[in-house]
Amino acid sequence: MLVYPSSIDLSGRTLRFLTGRLAARRQDIGTRWRRLPASRQALLALAHLRCGDTYAQLAAGFGIGIATVYRYICEAVQALAAIAPSLAEAMRTIRQKVFVILDGTLLPIDRIAADTPYYSGKHKRHGMNVQVLTDPFGRLLWASPALPGSTHDLTAARHHGIIAALTEAGLRCWADKAYQGADGPVRVPFRERHLKRWKPRHNTTHAKIRCLGEQAMATLKNWRLLRKLRCSTNRITDIVKAVLVLHHAST
């Protein structure tokens with residue numbers, strides 16, 4: 001197999017952060033020897049998460065076995081997921097915002113037609129539902145654990161306790177039509193077919209505010225592994241948590 005040098009569009013601060021987490025983990029479990037030092041393991045994990053490189057590609061590039069690549073990546077993801085903020089912890093920062101934007105996204109997965117719970121009728125594909133909270137400028141604040149793609153956005157928001165947390169904090173929230181019926185602090189557009197009077201202007205203003213939340217979706221999808229996940233669905237929540245931690249570490 002041919003091997004060539006490549007690049008990852010992340011800062012050195014991100015690499016140093018992950019290297020520190022892995023070095024601390026190795027010290028905790030008493031690791032004596034590894035095929036790769038912590039810095040190379042961190043680089044390997046970032047190449048997988050950011051660029052979506054496969055295990056076979058990484059094994060050839062780093063001169064190790066595919067099974068070793070798998071173990072190294074799982075270890076890095078678990079180390080990051082362990083320090084990811086819960087919704088209650090994230091609310092300490094979110095409470096300071098004027099308002100937030102709530103939106104859901106579907107992370108595509110590699111599944112067959114028989115896997116009905118993972119099929120999203122809205123997107124016409126299999127995937128995992130992830131809810132995202134952003135600040136008024138569209139900056140990613142928090143991402144939820146992943147649920148099967150057939151889960152409705154409003155159901156997912158209630159399942160994660162997002163609506164209850166926002167209500168308790170008294171924080172206004174802008175969301176799209178999928179969250180009709182959320183009530184409380186959640187603002188949604190009108191759904192009537194023929195809007196009259198001031199309602200069209202309200203919907204236009206609402207859309208201008210809410211569309212900034214799409215920047216957070218682009219931030220997630222910049223981690224190219226999330227564009228097409230081929231791993232077990234049981235690992236996707238940890239991957240999303242790991243990406244969230246790395247994103248905050250790099251900003």
Rounded distance (nearest 0.5 Å) linking atom CZ of Phe62 with atom CD of Gln57
11.5 Å
Under the side chain to side chain contact (heavy atoms under 4.5 Å, CB included) test, residues paired with Ser120 that sit two or more places apart
Leu106, Lys122, His123
Please determine, by modelled atom types, if Gln41 and Arg26 share a side-chain donor-acceptor pair under 3.5 angstrom.
yes
Show, in sequence, the C-alpha distance, side-chain angles and deciding distance for Cys74 and Arg235, and conclude whether the side chain to side chain contact (heavy atoms under 4.5 Å, CB included) test is met.
CA-CA 9 Å; Cys74 286; Arg235 295 181 54 212; 3.7 Å; yes
Check Val188 against His206 and note the closest heavy-atom contact, atom names and distance.
CA-NE2, 3.6 Å
At their closest point, which heavy atom of Leu102 faces which heavy atom of Cys173, and how far apart are they?
CB-SG, 3.4 Å
How long is the straight-line distance from CG of Leu18 back to CG of Leu49, given to the nearest 0.5 Å?
8.5 Å
Validation row: Trp223, Leu246 side chains within 4.5 angstrom (heavy atoms):
yes
Using side-chain heavy atoms (C-beta onward) and a distance below 4.5 Å, is Cys231 in contact with Ile236?
yes
Quick one: does Ile109's side chain get under 4.5 Å of Arg230's, heavy atoms only?
no
Please determine if Arg224 and Asp9 form a salt bridge, counting it only when a charged side-chain N lies under 4.0 Å from a carboxylate O.
yes
Path from Leu140 to Leu87 over hydrophobic side-chain contacts below 4.5 Å:
yes
For a 4.5 angstrom cut-off between non-hydrogen side-chain atoms, does Asn222 reach Arg50?
yes
Minimal non-hydrogen separation, Lys97 against Pro136, with atom names
CB-CD, 4.5 Å
Strictly distance-based, threshold 3.5 Å: is any side-chain N or O of Arg35 a donor or acceptor partner for the main-chain N or O of Gly63?
yes
Arg210 to Trp174, cation-pi by 6.0 Å centre distance and 45° axis angle:
no
Ile8, Val245: one ILVMFWY side-chain cluster at the under-4.5 Å cut-off?
yes
Quick one: are Val240 and Leu244 in side-chain contact, heavy atoms under 4.5 Å?
no
Let me confirm one number: the CH2-OG1 distance from Trp142 to Thr134, rounded to the nearest 0.5 Å.
13.0 Å
Are Val98 and Ile94 connected in a single hydrophobic cluster, I mean Ile/Leu/Val/Met/Phe/Trp/Tyr linked by side-chain heavy atoms less than 4.5 Å apart?
no
Could you list the donor-acceptor pairs under 3.5 angstrom formed by side chains in residues 154-166, with sequence neighbours left out?
from   : atom 1 : to     : atom 2 : distance (Å)
Arg158 : NH2    : Gly181 : O      : 2.9
His160 : NE2    : Ser144 : OG     : 3.4
His160 : NE2    : Pro145 : O      : 3.4

The reported gap from CG in Leu226 to OG1 in Thr105 (rounded to nearest 0.5 angstrom) is 9.0 Å
Taking a hydrophobic cluster as the set of Ile, Leu, Val, Met, Phe, Trp and Tyr residues connected by side-chain heavy atoms closer than 4.5 Å, whether directly or through intermediates, do Val130 and Leu147 fall within one such cluster?
no
Check: Tyr118 ring centre within less than 6.0 Å of His126 ring centre:
no
Between CG of Leu141 and CE of Met91, what distance do you get to the nearest 0.5 Å?
10.0 Å
Taking the side chain as everything from C-beta on, heavy atoms only, tell me whether Asp176 gets closer than 4.5 Å to Asp103.
yes
Is there a side chain to side chain contact (heavy atoms under 4.5 Å, CB included) between Tyr72 and Thr68? Walk through the geometry before answering.
CA-CA 6 Å; Tyr72 279 180; Thr68 304; 3.8 Å; yes
When rounded to the nearest 0.5 Å, the distance separating CE of Met128 from OG of Ser150 is 9.5 Å
Let me check something: do Leu212 and Leu220 share a hydrophobic cluster, defined by ILVMFWY side-chain heavy atoms less than 4.5 Å apart, either directly or through other members?
no
If you measure only the distance, is there a donor-acceptor pair under 3.5 Å linking the side chains of Asp153 and Gln131?
yes
Under the side chain to side chain contact (heavy atoms under 4.5 Å, CB included) criterion, do Arg187 and Phe99 qualify, and how do the steps go?
CA-CA 11 Å; Arg187 269 64 168 174; Phe99 66 88; over 6 Å; no
Go through the steps for Leu133 and Ile101 under the test side chain to side chain contact (heavy atoms under 4.5 Å, CB included), then give the verdict.
CA-CA 6 Å; Leu133 286 172; Ile101 302 171; over 6 Å; no
Determine whether Ile239 and Leu229 make a side-chain contact, defined as any pair of heavy atoms from C-beta on separated by less than 4.5 Å.
yes
Salt bridge check: are Glu75 and Arg34 linked by an N-O gap of less than 4.0 Å?
yes
If you take the centroid of each ring, where Trp contributes its six-membered ring, are Tyr55 and His48 closer together than 6.0 Å?
yes
Contact check, side chains of Lys241 and Leu80, non-hydrogen atoms, under 4.5 Å
no
Does Asn203 reach the main-chain N or O of Phe190 with its side chain, forming a donor-acceptor pair under 3.5 Å?
yes
